[in-house]
Visitor: 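Pasting in a structure now, in structure tokens, and then I'll have a few things to ask.
Counting starts at 1 for both ligands and their atoms, in listed order. Predicted, not measured: the structure shown is a model, and the values here were computed from it. Each residue takes its place number in the sequence, starting with 1.
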Amino acid sequence: MSTQPNLYDLSPDALTRLLADWGEPAYRAKQIYRHLYVHLTSDPADMTDLSKALRERLAKETTIGNLQQIKLLTGDDGMTRKVLWNLPDGSPLETVLMIYPDRATVCVSSQSGCPMQCVFCATGKLGFLHDCTPGEIIEQVIWAERELQAFFSSLNRRSKIENRKLSNIVFMGMGEPFNNYDNWWTSVERLHDPNGYNMGARNFTVSTVGLVPGILRLAEEELPINLAISLHAADDDLRSDMMPVNRRYPIADLVEATRTYTEKTRRRVSFEYVLLKEKNDFPEQALRLAQLLRSEGKPPLLCHVNLIPWNPVPGAPLNRSDRKRVLNFQAVLKEHGVPCTVRVERGVDIAAACGQLAGR
Ligand code: SF4
């Protein structure tokens, strides 16, 4: 395992301190920072505005990234790309880039494996393996940005994607971001930094299994990023069966925390609902969900429901809802005034879709 500092783990101040220890002026740190986050330079030898001695020292005493690429799979005619990485301790990690005609999204992992054990999810079956450092989270975005730029160069035609840059960063890959809150939030702030990668706050979305302390903490943050909450059932018994975290943070507590969040931030929350045939996709369950989100005597929750037909996971004794059941479920929600969409699927053929990431 490398003991050299990963430059993507260093804040601008920490980078300045490292360079000062080496007897270099502060502006050198700024040059290196721009190489990392603006020019996406992957090799110190290409930082040609630095002295040769400094480039050699960087190459010898630091690394630009911890992740070792093991495999790259492409699906959806090259528009979905999943990369499997090895972390320095040997744990697997996955990142998925999805390219659309008008935008590009990267789905990033915050942990290798996941301690939350949701029954429908391949990552949960791995158990918890590793908390990503800020740099390991950032590197996944930088990889996607490089991959996207290479894709456009190969096309030789114009694109509607503004600046041909990633449009969205979603933390919906392996792991529960709020379980690794400090490292995850450091990566968000760094990627947002206008002197560096400069991703707009509203282009980030974090998805949580429903960790109430994390939701309340996010409500206090200054950057207005988007929040998605995995709900998947509107009654505690079923939700606890599907998601053990519900025993710690039952639905009433989760809805209360969501209300606090929306009242504080005035931002709409997305509830994710994976549809499993004859488990949580009956019209009565849609009605119960609508009642939960439109609780009597209180203003309706500022929210939207995202229905996700379940993607197959080997060994899981579950079935995917068919189209008719999905549309029926959606119709009940809409009838009761709950805004609702069905997620467009990507990457199912390369096991890159929601809940399929298993480090294989
Ligand atoms: S769905 Fe998310 S929180 Fe649940 S086990 Fe999978 S990765 Fe973890």
Visitor: Suppose I only count heavy atoms of V209 and a 4.0 Å limit; which atoms of ligand 1 are within that range?
Guide: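 Matching atoms, with element in brackets: 3 (S).
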Visitor: Have a look at H35 and tell me which of I64, L7, L40, D49 forms a side-chain contact (heavy atoms from CB on, under 4.5 Å) with it.
Guide: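 Checked I64, L7, L40, D49 against H35; only one passes side-chain contact (heavy atoms from CB on, under 4.5 Å): D49.
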Visitor: So, applying side-chain contact (heavy atoms from CB on, under 4.5 Å) with K82, which one of E94, M98, K71 is it?
Guide: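 Exactly one option meets the side-chain contact (heavy atoms from CB on, under 4.5 Å) with K82, and it is E94.
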Visitor: Please state whether the separation between atom 4 (Fe) of ligand 1 and some N/O/S atom of C118 is under 2.8 Å?
Guide: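 So C118 does bind atom 4 (Fe) of ligand 1 by this criterion.
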Visitor: Give the intermediate values and the outcome of salt bridge (Lys or Arg N to Asp or Glu O under 4.0 Å) for residues K298 and E256.
Guide: CA-CA 11 Å; K298 291 190 178 171; E256 206 40 52; 3.6 Å; yes
Visitor: Show the atoms of ligand 1 that are less than 4.0 angstrom away from any heavy atom in C121.
Guide: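 Near C121, the atoms of ligand 1 are 1 (S), 5 (S), 6 (Fe), 7 (S).
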Visitor: If the test is side-chain contact (heavy atoms from CB on, under 4.5 Å), which one of V108, L191, N168, L227 qualifies with F204?
Guide: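 Single side-chain contact (heavy atoms from CB on, under 4.5 Å) partner of F204 among V108, L191, N168, L227: L191.
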Visitor: Counting each atom of ligand 1 from 1 as listed, which ones have a heavy atom of G124 under 4.0 Å away?
Guide: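 Going through ligand 1 atom by atom, the ones under 4.0 Å from G124 are 5 (S).
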Visitor: Heavy-atom contacts with Q117 under 4.0 Å: which atoms of ligand 1 show up? List them by number with element.
Guide: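 This gives 5 (S) as the contact atoms.
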Visitor: What atoms of ligand 1 come closer than 4.0 angstrom to any heavy atom of G175?
Guide: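 Contacts of ligand 1 toward G175, numbered from 1: 7 (S).
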Visitor: Less than 3.5 Å apart, any donor N or O on the side chain of T208 or E176 sitting next to an acceptor on the other?
Guide: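 Yes - a donor-acceptor pair under 3.5 Å links their side chains.
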